[in-house]
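Each remark here refers to the structure printed beneath this line.
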Amino acid sequence: MSAVPSREALAALRAALAAGGFEVASAPADTWSYGSDNSRRHAPPDLVAFPRTHDEVAAIVRLCRAERVPLTARGRGTATTGAAVPVMGGLVLSLERMTRILELRPDDRLMVVEAGCLNGAVQAAAAPHGLFWPPDPTSAEYCTVGGNVATNAGGPRSVKHGTTRDCVLGLRAVTGAGVELRTGVRTTKGVVGYDLTRLICGAEGTLAVVTEVTLELQPLPAATRTLRASYASAAAAGRAVAAVMRQPVVPCRVELLDRGSLEMVRADRPEAGLPEGVGALLLLEVDGSQQVLDQGLAAVAAAARVEGLVELRAARDDAESAALWAVRKALSPALRRVAPTKVNEDVVVPVSRLAELIERIEAIASDEATRIVCFGHAGNGNLHVNLMFDGAAPAEAAAAGRALAAVFRAVLALGGTLSGEHGIGSEKARFVGLELDATQMALMRTLKQAFDPDGILNPGKIFPL
Ligand SMILES: Cc1cc2nc3c(=O)[nH]c(=O)nc-3n(C[C@H](O)[C@H](O)[C@H](O)COP(=O)(O)OP(=O)(O)OC[C@H]3O[C@@H](n4cnc5c(N)ncnc54)[C@H](O)[C@@H]3O)c2cc1C
């Protein structure tokens, strides 16, 4: 496994990069901002490289390998887990110059893009052809497709279309051995050998640097309708989610905001007109042709009428619907403003256990006297659990740490998983052993060794050091 690089190794790498004519930054003022992501962890790299082509990426990986210098691939640094932080120093390989759309084939519903292309740019290019790419993290306008692949990003639409892994047909990449790798297919079916595409999706840049991605596109729905349902308690909203997901109409978005989230939004955007005195709000959306929308909306509304429902109404028009989704989108940054050192987890449980999870989280918050605000992609059973504390107050931080461990234990006891879309990074590496057994860990380490024999790719992530 890779360690912090020696001065000699860095000097040799610098010289080799200069000889190769690569665009590199090494002054601390230029490398500083490449040392953090949205986790607020910071560890500045020694060097930042800005390749423009796949071949340049391959050459840089080989040079880093020759000198045993750690290499952390970077999209736009929006990861929430420390995944993009070069905790061992070394070289950050920024994909920000590789933003081209290489192919767009509406007939095959596919698009090939360079890994640094922004998710929002993909959507903008696909839309005129009546198509979209389903992964829709709230950060879509400023995160990259490569980052989406590496974190297996999701978003509200995952409830209907799955996560990034389900929407990628193939990859071009460079392994930690500096070898070019092409995976996958350009067809909607394919079963020849192991599925290396899915393996690299979610690997957080620890197996290979992704340079090009073949995206599977979907037709844009003709129209959407949004429902706003408020409940006396978050647990009642959780039961409604299970009922909605049990019936045959799959909504395209099912988002939950608990009481704390609603308070936050009310303070930030009083004009949003959110209901007072309720325990939780669900935003439910159905899509499809105009002919089927009314039926779909009625089916979802009927399922959402569980005990504890306070109010259920459809958004009057597209403008009201857009305002409701804007409220949801503003939540994460608003929470960050209130508690800059908050911890944001993204646990998942089977939807039938969501209500139980919410009740357990409420009990943990009370036991540890820690404010916990929950919202998230409830249709997948995926909750963003925000532990709000002041990192400068040791007692608060200790209580939040205990609460976090208790939340993870509760999630696993309910048959869930520690991360639905953000991944592990360095923040959660110490908890991975709670979920993965020794056999899985050993196989994963063997795979890591096969892809990256010298352990140069993004060390300190996923596995505890
Ligand atoms: C306000 C906000 C809202 C968010 N909402 C969501 C959400 O709804 N859903 C969700 O899933 N996430 C969400 N995120 C998290 C984040 O945006 C995603 O994880 C995103 O996919 C990261 O993309 P990035 O380009 O910023 O990658 P980075 O943060 O730069 O990198 C993330 C990881 O990917 C690796 N990586 C990046 N590019 C490559 C590459 N080309 N090859 C190999 N490895 C690579 C990095 O090494 C790192 O491990 C949110 C973040 C913010 C700040």
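Note that ligands are numbered from 1 as they come in the structure, with each ligand's atoms numbered from 1 the same way.
Screening Leu457, Leu13, Asn458 against Leu71 for a side-chain contact (heavy atoms from CB on, under 4.5 Å) leaves a single residue, Leu457.
Looking at Asp37 against ligand 1, nothing comes within 4.0 Å, counting heavy atoms. Under 4.0 Å from ligand 1, the heavy atoms of His377 that appear belong solely to its side chain. When heavy-atom distances to ligand 1 are checked against a 4.0 Å cut-off, Thr144 comes that close through both its backbone and its side chain. Contacts between Leu95 and ligand 1, counted as non-hydrogen atom pairs separated by less than 4.0 Å, involve the side chain only. Contacts between Ala83 and ligand 1, counted as non-hydrogen atom pairs separated by less than 4.0 Å, involve both the backbone and the side chain.
Proximity to Ala150 (heavy-atom distance under 4.0 Å) selects the following atoms of ligand 1: 34 (O), 35 (C), 36 (N), 44 (N), 45 (C).
Ligand 1 has a nitrogen or oxygen under 3.5 angstrom from a nitrogen or oxygen of Ala79. Any N or O atom pair closer than 3.5 Å counts here, and Ser332 shares no such pair with ligand 1. Close N/O approach between Asn458 and ligand 1 is found [any backbone or side-chain N/O within under 3.5 Å]. In terms of N/O distances under 3.5 Å, ligand 1 is not approached by Ala153. Close N/O approach between Thr72 and ligand 1 is not found [any backbone or side-chain N/O within under 3.5 Å]. Residue contacts with ligand 1: Asn38 is placed with no nitrogen or oxygen under 3.5 Å of a nitrogen or oxygen of the ligand (distance criterion only). At least one N/O-N/O distance between Gly75 and ligand 1 falls below 3.5 Å. Considering backbone and side-chain N/O atoms, Glu204 comes within less than 3.5 Å of an N/O atom of ligand 1. In terms of N/O distances under 3.5 Å, ligand 1 is approached by Gly154. In terms of polar-atom proximity, defined here as any N/O pair under 3.5 Å, Tyr142 makes no such contact with ligand 1.
Between Arg228 and Glu320, no side-chain nitrogen of the basic residue sits less than 4.0 Å from a carboxylate oxygen of the acidic one, so the salt-bridge criterion is not met. With respect to the salt-bridge test (charged N to carboxylate O, under 4.0 angstrom), the residues Glu96 and Arg76 do not qualify.
At least one heavy atom of Ala208 sits closer than 4.0 Å to an atom of ligand 1.
Note: Leu335 CG to Met264 CE = 4.5 Å, rounded to the nearest 0.5 Å.
Between atom 47 (O) of ligand 1 and the options Gly205, Ser36, Ala73, the minimum heavy-atom separation is to Ala73.
For atom 33 (C) of ligand 1, the closest non-hydrogen atom of the protein is Thr151 CG2, 3.8 Å.
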